[in-house]
Amino acid sequence: ILNDDDVVSITDFSNTEIVVEGANFMPHMVNFHVVRTGSLDGESTVHWQVTAANGNNNGSGDFLTQDGFVIDSSVYNGTVTFVDGQSYRDVSIMINPDHVSEGDEVFNFALVNPGSGSTVSSEAGTRQFIVQNDDFDQISVAANLSSQPEGNTGLDGAYKNYSFTL
């Protein structure tokens with residue numbers, strides 16, 4: 001019996017990667033190193049997908065395709081193809097540098113649906129990553145009146161209020 005199966009896995013699978021959403025309107029790349037062990041004979045494929053770790057997809061367009069289109073995690077997936085003799089491939093995920101104030105988000109990058117003769121490592125088939133929000137809430141200050149006479153008391157001697165809206 002000839003064992004010609006291969007196993008695919010993600011390196012550094014035990015570490016949760018923390019990435020900043022994007023600075024100066026530039027997307028941040030998260031790279032996953034996918035490794036093929038065992039038999040390297042022939043072509044081998046495995047699909048990958050990104051999912052929200054809590055199972056809920058907020059639909060906020062957290063990712064960018066290689067063409068720059070905004071998408072959310074429910075449709076962010078692809079296929080890794082290893083050619084004969086190839087032992088690793090890198091998959092790059094682009095984080096959308098949106099300007100939405102939101103909490104940090106936790107996602108999973110997972111290898112799924114391996115091709116014939118391949119298996120996904122049960123210990124190293126998923127890697128978690130946290131996208132830290134880098135947007136800050138905007139606070140604006142506006143006076144409720146466009147002008148107020150100088151001085152702090154009115155004719156009756158009472159203090160005048162000058163209010164602001166935040």
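Residue numbers run from 1 in the order of the sequence given.
- By the criterion of side-chain heavy atoms lying less than 4.5 angstrom apart, applied directly or through intervening Ile, Leu, Val, Met, Phe, Trp or Tyr residues, Val91 is grouped together with Phe82 in one hydrophobic cluster.
- Taking CD of Gln86 as the start and CG of Leu40 as the end, the distance is 9.5 Å to the nearest 0.5 Å.
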Q: Could you give me the CA-CA distance, side-chain angles and deciding distance for Phe129 and Val50, then say whether side-chain contact (heavy atoms from CB on, under 4.5 Å) is met?
A: CA-CA 10 Å; Phe129 63 103; Val50 174; 4.1 Å; yes
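- Rounding to the nearest 0.5 angstrom, the gap separating the OG1 atom in Thr79 from the CG atom in Leu111 is 11.0 Å.
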Q: Tell me, with the steps shown, if Asp84 and Asp41 meet side-chain contact (heavy atoms from CB on, under 4.5 Å).
A: CA-CA 5 Å; Asp84 184 48; Asp41 294 335; 4.3 Å; yes
Q.
Between Val30 and Ile95, is the side-chain contact (heavy atoms from CB on, under 4.5 Å) condition met? List the steps.
A. CA-CA 8 Å; Val30 182; Ile95 308 299; 4.0 Å; yes
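- In this structure, Thr45 and Val80 have side chains that are not in contact, with every pair of non-hydrogen atoms separated by 4.5 Å or more.
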(Q) Quick one, Val46 with Val120, criterion side-chain contact (heavy atoms from CB on, under 4.5 Å). Give me CA distance, side-chain angles, the key distance, then yes/no. (A) CA-CA 8 Å; Val46 64; Val120 173; 3.8 Å; yes
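- Not counting sequence neighbours, the partners of Asn31 by the side chain to side chain donor-acceptor pair (under 3.5 Å) test are Ser92.
- Side-chain contact between Thr51 and Phe109 is absent, with no heavy atoms from C-beta onward closer than 4.5 Å.
- For Tyr76 and Phe107, the distance between ring centers is not under 6.0 angstrom.
- Interatomic distance, Phe32 CZ to Ile93 CD1, rounded to the nearest 0.5 Å: 6.0 Å.
- With sequence neighbours excluded, the residues satisfying side-chain contact (heavy atoms from CB on, under 4.5 Å) with Ser121 are Val7, Ser9, Glu123, Ala124.
- Looking only at atom types and distance, the side chain of Ser44 has a donor-acceptor partner in the side chain of Asp6 under 3.5 Å away.
- Counting only residues at least two apart or in different chains, salt bridge (Lys or Arg N to Asp or Glu O under 4.0 Å) contacts with residues 106-116 are absent.
- Taking OG1 of Thr81 as the start and CD of Glu43 as the end, the distance is 5.5 Å to the nearest 0.5 Å.
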